[in-house]
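Each chain gets a letter, A, B and so on, in the order its sequence line appears, and its residues count up from 1. The structure presented is a predicted model; accordingly, all values stated were derived computationally and were not measured. No hydrogens, no waters, no symmetry mates; every other heavy atom, side chains included, goes into these values.
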Number of protein chains: 2
Amino acid sequence: MEDETGQRIVPEAIRRTSRPAEHHAGNRYGNRPTMKDVAARAGVGLKTVSRVVNGEPGVTPDTERRVQEAIDALGFRRNDSARVLRKGRTASIGLVLEDLSDPFYGPLSRAVEEVARAHGTLLFNGSSAEDPEREQELALALCARRVDGLVVIPAGDDHRYLEPEIKAGVATVFVDRPAGRIDADVVLSDNYGGARDGVAHLIAHGHRRIGFIGDMPGIHTAEERLRGYRAAMEDAGIPVEDAWMSLGVTDPERVRRAAEEMLRGPAPVTAIFAGNNRVTVTVIRVLAGQTRQVALVGFDDIELADLLQPGVTVVAQDAAALGRTAAERLFRQLDGSLVTPERVELPTRLITRGSGELPPAD
Amino acid sequence: MEDETGQRIVPEAIRRTSRPAEHHAGNRYGNRPTMKDVAARAGVGLKTVSRVVNGEPGVTPDTERRVQEAIDALGFRRNDSARVLRKGRTASIGLVLEDLSDPFYGPLSRAVEEVARAHGTLLFNGSSAEDPEREQELALALCARRVDGLVVIPAGDDHRYLEPEIKAGVATVFVDRPAGRIDADVVLSDNYGGARDGVAHLIAHGHRRIGFIGDMPGIHTAEERLRGYRAAMEDAGIPVEDAWMSLGVTDPERVRRAAEEMLRGPAPVTAIFAGNNRVTVTVIRVLAGQTRQVALVGFDDIELADLLQPGVTVVAQDAAALGRTAAERLFRQLDGSLVTPERVELPTRLITRGSGELPPAD
DNA sequence: CTGAAAGCGCTTACAG
DNA sequence: CTGAAAGCGCTTACAG
């Protein structure tokens, strides 16, 4: 059978009785056995069960066996939520990023996860969708769960709402962009230097009329990259014309228009510096439709960039290193070895593949 | 200053006193205020604080104001971990996938997150790294935290370890591949039909010697796709030769050798069906180095596939739909409206972009 | 070696 | 409208 969305639904053979309704409807975690139940069944005290479950010494082999049998018979699994309530640390951290589905955040998340795992810590993950309110809502919900720490890729520019949490001991590290209006650890790429190097690379290949398409000013990374662009131009003694710059929302339609604009007229740009991966992709599409060859350097690496014709030259960030560094700092805050908020800048890497080495068309 | 890894570390101005050591070292969540503290300060009972915090009726405006003031003064935030212990449901679910950094799982994770969010539920995320032991370790750690449910992309093929948890009421949905040796909900793509359609597409464009490079048999998706390949060939009355098939580990080196092998000899394949996105990418690289034109259809879409020359024809899965469907089923299990384990198959989509429409070279 | 009591920070059920 | 008592499932501190 097939429903209206094209799904095909096949009932599986039912090899066991279907789950009783009370397991769903009831609370108490479906009436799971507790240490008390195990203790009763094994005929021992609660603390003895706790000792066995946690591998603490001081239990005779015979007692241990009896307890273990009760555990197995009942299918007991320790409730770590209760444990954590008593112990203080929840052994969980939260990662608030912009969009889980953005490929840039995959390696970053994975790196955070690996560090967390090495510390016996679980990871909550959530997207702010670039909405400051949603970021706050998510971050505070995680704090209410008493995560030990928070790695935040900020959407908003005012993080004072986190001040009480940080004071209360929630370790906090910002990534990619600094925190707004509070003093906090931040790990980010050298956006200024990376953009400057990328633009200088174009200049070194003979370009003077170089376009810049970037995100809205107000976004820290966008500002830094624009600053890098201006610095490279100034270093080369090239006065920047307004017509060469497009700053704003980076939806494909807008980027397309901006690129086409720059490529029109009597003195069009001969090269474009794209401010982030989404812009780069759109610009590639625009350039594919041009007869004239236009050089391109993009900020952020993109997959398969080397397979395109020409290969796409980029200023690459190391997303995994951002995540790893941030998570390591988080745990250093937690163990008390890091107290002063710092700003850590990771270097970017210029990867030349062809598009950035094209000479000016005129 | 710059350290050995090239990191630049800049101490931030310290606008507030650095966090006292006891906030890090101590447990008790850094001595955070509790409802009891709020009650004492406001001069009311515990339950009254609870009422205000939870917006329950039956508190005079005056009392409410006093409580609210105490909350603000103390920086109180309800401990949802404690709340959850008492209430039974943790309002959290876990997502165990193969690799957070794999772009295929980005949209899937995001879709699960959105459904969870709509249900006021937080999401734990973790990677199995294709290691069945790590999958089990992670899934059981999440169960110990008493997540309400689990979405699992299985790495292993024996999930009996989850049986006690499922019986105890942990909602469980498998995605991408079915559970092993237990009867459980599963949401996956129509791997068989997708592969069959893709191969039939190549046949329709005149190919007869068609190579198949896929993952190890034993992996469910790999087997289904191979079955689809065989079915399409059989439908066309083409006997498959062993030399046209490569099944096994899909690391780039091995895939490269396999592809080159197929393209050698007196009767080389004129088209290749690639069993997954990683294989496709490697095959593209191999084909780029060939003088002869070889047709290609890949399972799974890849980014920028349309910008390559020729564009890459693929059988696309809808990763977001997989995640969304799985999460929705999870919550339907939780609310009791879904009791019988089912297998839901989502259709795939053939996207023609050029590489699959090339005629045979001979 | 073993266990009863108190407590983690909340909510539930009940009584005033 | 308000609150004291009991309890969620564990661990801690202590006593036998």
## Note on the structure
To the nearest angstrom, the CG-C1' distance between Asn79(B) and dG7(C) comes to 14 Å
### Query
Taking OP1 and OP2 of dT12(C), is either one under 4.0 Å from a side-chain nitrogen or oxygen of Lys87(B)?
yes
#### Entry: Residues that Glu130(B) engages under salt bridge (charged side-chain N to carboxylate O under 4.0 Å, His left out), provided they are two or more places apart
Arg177(B)
### Task
Round to a whole Å and report the spacing from CZ of Arg77(A) to P of dC10(D).
12 Å
### Summary
From CZ of Arg145(A) across to C1' of dG9(C) the rounded distance in Å is 14 Å
### Query
Is the phosphate of dC8(C), meaning OP1 or OP2, less than 4.0 Å from a side-chain N or O of Thr34(B)?
no
### Any N/O donor-acceptor pair, Arg86(A) side-chain to dG7(C) base, under 3.5 Å
yes
### Summary
Quick note, Val59(B) side chain, CB onward, closest among dA13(D), dC10(C), dT2(D) is dT2(D)
### Query
Can you check the Met35(B) CE to dT11(C) C1' distance for me, whole Å?
8 Å
#### Entry: Side chains of Asp99(B) and Ser101(B), donor plus acceptor under 3.5 Å
yes
### Query
In terms of the nearest nucleotide of DNA chain D, which residue is placed more toward the 5' end: Gly43(B) or Pro33(A)?
Gly43(B)
### Task
Check DNA chain D against residues 48-55 of chain B and give the residues with a non-hydrogen atom under 4.0 Å, in numerical order.
Thr48(B), Arg51(B)
#### Entry: Gap between atoms NZ and C1', on Lys47(A) and dA13(D) respectively (whole Å)
9 Å
#### Entry: Arg78(B)-Asn54(B) side chain donor-acceptor pair, cut-off 3.5 Å
yes
## Note on the structure
Whole-Å distance, Leu46(A) CG to dT12(D) C1', equals 12 Å
### Query
Using a distance-only test with no angle check, is there a side-chain donor-acceptor pair under 3.5 angstrom linking Glu113(A) and Asn125(B)?
no
### Message
dT2(D), OP1 or OP2 - any side-chain N/O from Thr60(B) closer than 4.0 Å?
### Response
yes
### Message
Would you say Glu135(A) and His159(A) are linked by a side-chain donor-acceptor pair, where the criterion is simply a distance under 3.5 Å?
### Response
yes
### Query
Whole-Å distance between dC1(D) P and Glu56(B) CD?
13 Å
### Task
Drop me the distance from Gln136(A)'s CD to Leu138(A)'s CG, to the nearest 0.5 angstrom.
11.0 Å
### Query
Below 4.0 angstrom from OP1 or OP2 of dT2(D), is there any side-chain N or O of Thr63(B)?
yes
### Task
Please state how far atom CG in Leu85(A) lies from atom C1' in dA6(C), giving the value in whole angstrom units.
14 Å
### Query
Could you write out DNA chain C as a dot-bracket string, with dots for unpaired bases, | for bases paired across to another strand, and Watson-Crick or G-U pairs counted at under 3.5 Å?
|||.||||||||.|||
### Query
Taking atom types as modelled and ignoring hydrogens, do the side chains of Ser337(A) and Asp335(A) form a donor-acceptor contact shorter than 3.5 angstrom?
yes
